[in-house]
Structure formats: structure tokens, C-alpha cells
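A quick write-up on the structure given underneath.
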Amino acid sequence: MTPEEKMQFLYAIRRRGITDTRVLNAMEKVDRKDFLTGIFKEKAYEDIPLPIACGQTISQPSVVAQMTQSLEVTSRCKVLEIGTGSGYQATILSHLARRVYTVERHQDLIIKAQKIFDELKLTNITAMRSDGSRGLTAQAPFDRILLTAAAEDPPSPLLDQLKLDGIMVLPVGQSDSVQTMIKIEKTEQGLKYHEMGEVRFVPLIEGVADSYKREL
Ligand code: SAH
């Protein structure tokens, strides 16, 4: 990353109101280029979503930063991410949390992401193919849950798997239109919802994927 690229990258993130220094440090430390292939590597530091394998996308860096900041992750947290994709968001989380579980419906994406986690020697991430709309019962409950695919409503298995005083962040709304990013806090008085603005994510699809073939 050239100094100019770094300045632009961090500027786009700060412009979205990211002030948490732990989040900014993690964003600075993780090289987005590692999670892209081919011609998209050249655009790694631009504040735009980009294509990855299996017809999916790596999210926009400023949105990754915003979701991470809203999740209020501490070094004691056990975090569940739904939608591993490239593994970029999971890597950011791994620098802030005690343990990260990340699930993805495409096996091919899990294999690619795992290879990067191994190369970067990230030992506190567990990645697996599974239907994230059901959560991850074997490892529940979680301090924090992050969805990086849009649901029509917050999936109830995920709300059940969130600890008391836990936080969940997710895009909700009709799958292919604009969605709203929301933050849910589980308190003794019940669930508290905060809206955080409009976003556009790929849809959360129930079930795991068969092997992916590009549609021509
Ligand atoms: N967090 C990713 C961006 C992921 S895009 C990154 O940092 O690169 C959203 C991902 O959610 C896609 O890869 C998609 O395959 C996955 N997804 C959609 N529905 C899912 C489900 N039910 N369970 C697990 N993953 C799902």
C-alpha cells in the first residue's frame, strides 16, 4: 500500500464516523489486497465492494469498519460471523476478539478463506461451511453476532444464540433492494433496536450451496 493509498483508505473510513482507535488500527493492519484476486487487487484500497469467487462480494471497507465499531468487540468476546465470503471481515474481527467463528454456505469460499487465515497465522478463527441462518448451536451462546448477508428479519435462532448483554449487527430488508443496517442489544428488558443507515448486501440464503457454477 502506498502512503497515498493508505491515506485515502483511512480517510474513507473516518468519513463514515469511525473514531474507535482499536477498529481503525485493525483496519490499518489488515491488507485488503490479500483477500482479492486478479485485476481486483488493484482496487483493494478503494472504498467500494468488489467481486470474489462464487458470485459473492467483499464488502466496502467503510461499511466493514462501521459494522465492526457498532459491534463493540472486546478482547473477551466470542464472536459469530455469518457470511465468511473472502474472510476479510473475519480477519478484522480476529484482531479484536478472543475467538471468531465464521460460517459460509459456499465450501469453495471456506477453503480459500482458510488458506489466508493459515498464511496470516490467525489461530483464533474457526471457519466452516454451514447454514448461518441457523446460527452455530455447538458453539453458542455468543457475545457478538455479525451478519454480512441481508435477512428479511433477524433470524430467531441467532437471537436465541446471543448472550444477555450481547450485541448483534445485521442488514435487514428485502433481499435485492436497499436494506437498513441495524444493531440489536439483548438486555434484561428485552431487545433494543437501533437503525444505522442504508446499505446494500447480498441476500442471506437458507441452506448450504451446491458447488458453484457461474451462470452465463
Ligand atoms: N464478510 C464477507 C462478505 C460476505 S458477502 C467478507 O468480508 O468478504 C456475504 C456472504 O454470505 C456470501 O459469501 C454468501 O455466500 C454468504 N451467505 C449467504 N447466505 C448464507 C447462509 N445462510 N449461511 C452462510 N453464509 C451465507
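The structure displayed is predicted, hence computed values, not measured ones. Both ligands and their constituent atoms are indexed starting at 1 by order of listing.
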Does CZ belonging to R134 count more than 12 external heavy atoms closer than 6.0 Å?
no
Begin with the C-alpha distance, continue with both residues' side-chain angles, and end with the deciding distance and a verdict on side chain to side chain contact (heavy atoms under 4.5 Å, CB included) for K183 and E72.
CA-CA 11 Å; K183 171 175 177 175; E72 299 177 31; 2.6 Å; yes
In this structure, are over 12 heavy atoms from other groups packed under 6.0 Å from Q139 atom CD?
yes
N/O contact list for ligand 1, threshold under 3.5 Å:
unit_1   : atom_1 : unit_2 : atom_2 : d
ligand 1 : 1 (N)  : E81    : OE2    : 2.9
ligand 1 : 1 (N)  : G83    : O      : 2.9
ligand 1 : 1 (N)  : T148   : OG1    : 3.1
ligand 1 : 7 (O)  : Q89    : N      : 3.0
ligand 1 : 8 (O)  : S86    : N      : 3.0
ligand 1 : 8 (O)  : S86    : OG     : 2.6
ligand 1 : 13 (O) : E104   : OE1    : 2.7
ligand 1 : 13 (O) : E104   : OE2    : 3.4
ligand 1 : 15 (O) : E104   : OE2    : 2.6
ligand 1 : 19 (N) : I205   : N      : 2.9
ligand 1 : 22 (N) : D131   : OD1    : 2.9
ligand 1 : 22 (N) : I205   : O      : 2.6
ligand 1 : 23 (N) : G132   : N      : 2.8
ligand 1 : 25 (N) : R105   : N      : 3.3

For residues 26-34, run the donor-acceptor check on the side chains, cut-off 3.5 Å, and write out each pair with its distance to 0.1 Å, sequence neighbours left out.
unit_1 : atom_1 : unit_2 : atom_2 : d
E28    : OE2    : K6     : NZ     : 3.4
D31    : OD1    : K33    : N      : 3.1
D31    : OD1    : Y45    : OH     : 2.6
D31    : OD2    : Y45    : OH     : 3.4
R32    : NH1    : A44    : O      : 2.8
R32    : NH1    : E46    : O      : 3.3
R32    : NH2    : I48    : O      : 2.8
R32    : NH2    : S59    : O      : 2.9

Under 3.5 Å side-chain donor-acceptor pair for T68 and Q89
yes
Working note: Q107 + I111, criterion side chain to side chain contact (heavy atoms under 4.5 Å, CB included); need CA distance, chi angles, decisive distance, verdict.
CA-CA 6 Å; Q107 179 68 9; I111 292 168; 4.0 Å; yes
